[in-house]
Every structure is written in C-alpha cells, then in structure tokens.
Asks: 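Mind having a look at this structure? Questions to follow.
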Amino acid sequence: MKTRHDAWTLENEQLLAETVLSYVQNGRTQSAAFKDVGNRLNRTAAACGYRWNAELRKNYTKELEQAKMKRNLNKKQAQNRQQVLQHGEIIQLTIDECIHYLSQVRSKENHIHFLDENIRLIEENKKLYEKKQTLIKKYEQLTNQKQKIDHKYKALFRLINEVQLIEEEKQLYH
C-alpha cells in the first residue's frame, strides 16, 4: 500500500517532469509515466497525474511540445527507415528536419544548463539559510548574555548606591 505524501520536493517534481517528457518523446503514454514515477516515489499514479496536470504541466509547455514534435519526428524517421529497409534506398533528411533536430539539441543543452544552475542556487540558498540560522542562535545567545550582564550591573549599581547612603548617614550621625 502506498503512503500519503503531502509535500513534493523539487527533485520529485523534476523526476516527474523528466519522466513524463521522456515517455511522450518516446511515444509512450503519460499515464504510464505517472505509474512509473509513482512506483519510484511510493505515490499513486493518480497523485503523480494530479501533480503534473495541476502544477507542473504549465511550467513545461514548451518542453512538452518539443517532446511531441520529437516523437512525431521519430515516428517519421522510423517510417522512413522502414521504407529504406524495404526498398534499399538511402535515408535523406530534409534541411528542416535537421534544423529542427539541432535546435532541440541546443534547447536541451540550455535546459540542462538552467537545471544545473538551479540546483547550484538551491544548494547555495540552503547553505545561506543554515548560516542565517546559526547567526540567529548566536545573536539570541549574545542578547541573553547582555541581559544577564545588564541585570548584574543594575544590582551592583543599587548596592553601590546603598553603600553611599549608609556612608552619608554615618557621617551625619558622627
């Protein structure tokens, strides 16, 4: 039985998005991707499908369209290869097909670069957050120490005042 998970981590969302895009690009269904990711993350396929459709899909519209175009291109190329095998002809891609493929490669490289940069920034943010927490604790400790010193200072000052009053009274009566 799968247990309920309330929070999706960035890594879980990336795994879901990458899997769905890969499945679409390779001509498989999104529901198969949801099932695969669900098994990997110990979530239901329905939970994965809901997360994809409600939250992530809108952030990956361009990549999803590219995956669909790549799938269609792959189908077309497979049909062409099949025809070549049947007829013994040489495969010739059109210039448009080559440009489309190369632009997808460039786009994917940019996407990977942005993912790497995002991961680096997330790690940097985590380190800064930890440093902030450490500084907050140190500040609280120093504030607490200052309050104790202030309290002792006031007590000492009261004692000094009392001693001065006693000395003044002694001088008045002697």
Side-chain angles (χ1 to χ4, degrees), residues 1-140:
M1 175 177 242
K2 309 236 175 179
T3 57
R4 180 181 171 105
H5 297 280
D6 289 320
W8 280 79
T9 65
L10 180 61
E11 292 82 16
N12 290 351
E13 288 179 339
Q14 287 174 341
L15 174 65
L16 176 59
E18 290 171 3
T19 304
V20 168
L21 294 172
S22 173
Y23 271 55
V24 168
Q25 181 174 320
N26 293 316
R28 299 177 69 189
T29 64
Q30 289 182 16
S31 59
F34 301 152
K35 185 176 181 181
D36 182 25
V37 173
N39 287 334
R40 288 198 234 169
L41 298 179
N42 196 29
R43 293 181 184 267
T44 64
C48 295
Y50 179 80
R51 187 65 177 187
W52 171 254
N53 288 313
E55 299 292 328
L56 299 177
R57 185 184 193 111
K58 61 186 170 221
N59 298 331
Y60 289 91
T61 54
K62 183 178 177 184
E63 291 86 351
L64 187 59
E65 286 304 312
Q66 289 175 344
K68 289 177 181 178
M69 290 190 317
K70 178 75 173 172
R71 175 191 63 204
N72 294 338
L73 182 61
N74 287 341
K75 282 183 183 178
K76 191 176 192 181
Q77 288 174 343
Q79 289 171 348
N80 288 342
R81 283 189 202 101
Q82 187 63 30
Q83 289 174 352
V84 167
L85 292 175
Q86 290 174 353
H87 304 304
E89 299 171 354
I90 297 174
I91 297 176
Q92 291 186 341
L93 296 175
T94 67
I95 291 176
D96 289 338
E97 290 171 331
C98 290
I99 291 171
H100 174 73
Y101 174 76
L102 292 173
S103 67
Q104 283 184 327
V105 169
R106 185 184 314 144
S107 175
K108 188 172 185 174
E109 288 172 358
N110 287 338
H111 181 70
I112 290 169
H113 169 72
F114 289 129
L115 285 177
D116 290 342
E117 180 69 8
N118 191 29
I119 289 168
R120 185 190 67 76
L121 290 172
I122 288 170
E123 290 172 0
E124 182 180 341
N125 191 30
K126 182 179 177 184
K127 288 177 185 176
L128 289 172
Y129 178 79
E130 290 169 357
K131 187 175 182 178
K132 175 187 163 194
Q133 294 302 332
T134 302
L135 290 173
I136 287 171
K137 285 180 184 178
K138 188 179 260 187
Y139 173 78
E140 289 171 352

Asks: Please determine whether side chain to side chain contact (heavy atoms under 4.5 Å, CB included) holds for the pair F34 and T44, giving the CA-CA distance in whole Å, both sets of side-chain angles, and the decisive distance to 0.1 Å.
Replies: CA-CA 8 Å; F34 301 152; T44 64; over 6 Å; no
Asks: Please report, to 0.1 Å, the donor-acceptor pairs under 3.5 Å made by any side chain of residues 121-134, with sequence neighbours excluded.
Replies:
unit_1	atom_1	unit_2	atom_2	d
E124	OE1	R120	NH1	3.0
Y129	OH	Q133	NE2	3.0
T134	OG1	E130	O	3.0

Asks: Please round to the nearest 0.5 Å and tell me the distance separating atom CG of L15 and atom CZ of R40.
Replies: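 Spacing of CG (L15) from CZ (R40) equals 5.0 Å.
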Asks: Considering residues at least two apart in sequence or located in another chain, which fulfil the side-chain contact (heavy atoms from CB on, under 4.5 Å) criterion with T9?
Replies: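 Listed in chain order: E11, N12.
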Asks: About how many Å separate OH of Y50 and CZ of R43, when rounded to the nearest 0.5 Å?
Replies: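 Reported to 0.5 Å precision, the distance equals 13.0 Å.
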Asks: What pairs with T29 under side-chain contact (heavy atoms from CB on, under 4.5 Å), at least two apart in sequence or on another chain?
Replies: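 Partners of T29 by the side-chain contact (heavy atoms from CB on, under 4.5 Å) criterion, ordered by chain and then number, come out as S31, A32.
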Asks: With sequence neighbours excluded, what pairs up with E65 under the side chain to side chain donor-acceptor pair (under 3.5 Å) test?
Replies: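 Per chain and number, E65 pairs via side chain to side chain donor-acceptor pair (under 3.5 Å) with no residue.
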Asks: In Å and rounded to the nearest 0.5 Å, what is the CZ to OG1 distance from R28 to T19?
Replies: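 If we round to the nearest 0.5 Å, R28:CZ and T19:OG1 are 10.0 Å apart.
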Asks: Taking side chain to side chain donor-acceptor pair (under 3.5 Å) as the test, write out the residues that go with N72, two or more places apart.
Replies: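 Result, side chain to side chain donor-acceptor pair (under 3.5 Å) vs N72: none returned.
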Asks: What is the distance from atom OH of Y23 to atom CG of D36, rounded to the nearest 0.5 Å?
Replies: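 These two atoms lie 3.5 Å from each other.
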Asks: For C48 and V37, which heavy atoms make the closest approach, and how far apart are they?
Replies: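 For C48 and V37, the tightest heavy-atom pair comes out as SG-CG1, 3.9 Å.
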Asks: Could you tell me which residues satisfy side-chain contact (heavy atoms from CB on, under 4.5 Å) with R57, sequence neighbours excluded, listed by chain and number?
Replies: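 With sequence neighbours excluded, R57 shows a side-chain contact (heavy atoms from CB on, under 4.5 Å) to Q30, W52, N53, L64, K68, given in chain and number order.
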Asks: Kindly write out the residues that satisfy side chain to side chain donor-acceptor pair (under 3.5 Å) with Q66, not counting sequence neighbours, or none if the list is empty.
Replies: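 Testing Q66 for side chain to side chain donor-acceptor pair (under 3.5 Å), a comparison that skips the adjacent residues, returns S107.
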Asks: For the CD atom of Q25 and the CZ atom of R71, what is their distance to the nearest 0.5 Å?
Replies: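 Rounded to the nearest 0.5 Å, the CD-CZ separation comes to 10.0 Å.
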Asks: Give, for atom CD of Q14 and atom OH of Y60, the distance between the pair rounded to the nearest 0.5 Å.
Replies: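 Between Q14 CD and Y60 OH, I get 6.0 Å after rounding to 0.5 Å.
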Asks: Could you give me the CA-CA distance, side-chain angles and deciding distance for L10 and N118, then say whether side chain to side chain contact (heavy atoms under 4.5 Å, CB included) is met?
Replies: CA-CA 10 Å; L10 180 61; N118 191 29; 3.9 Å; yes
Asks: Going by the rule side chain to side chain donor-acceptor pair (under 3.5 Å), which residues pair with N26 if we only count those two or more places apart in sequence or in a different chain?
Replies: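 Per chain and number, N26 pairs via side chain to side chain donor-acceptor pair (under 3.5 Å) with S22.
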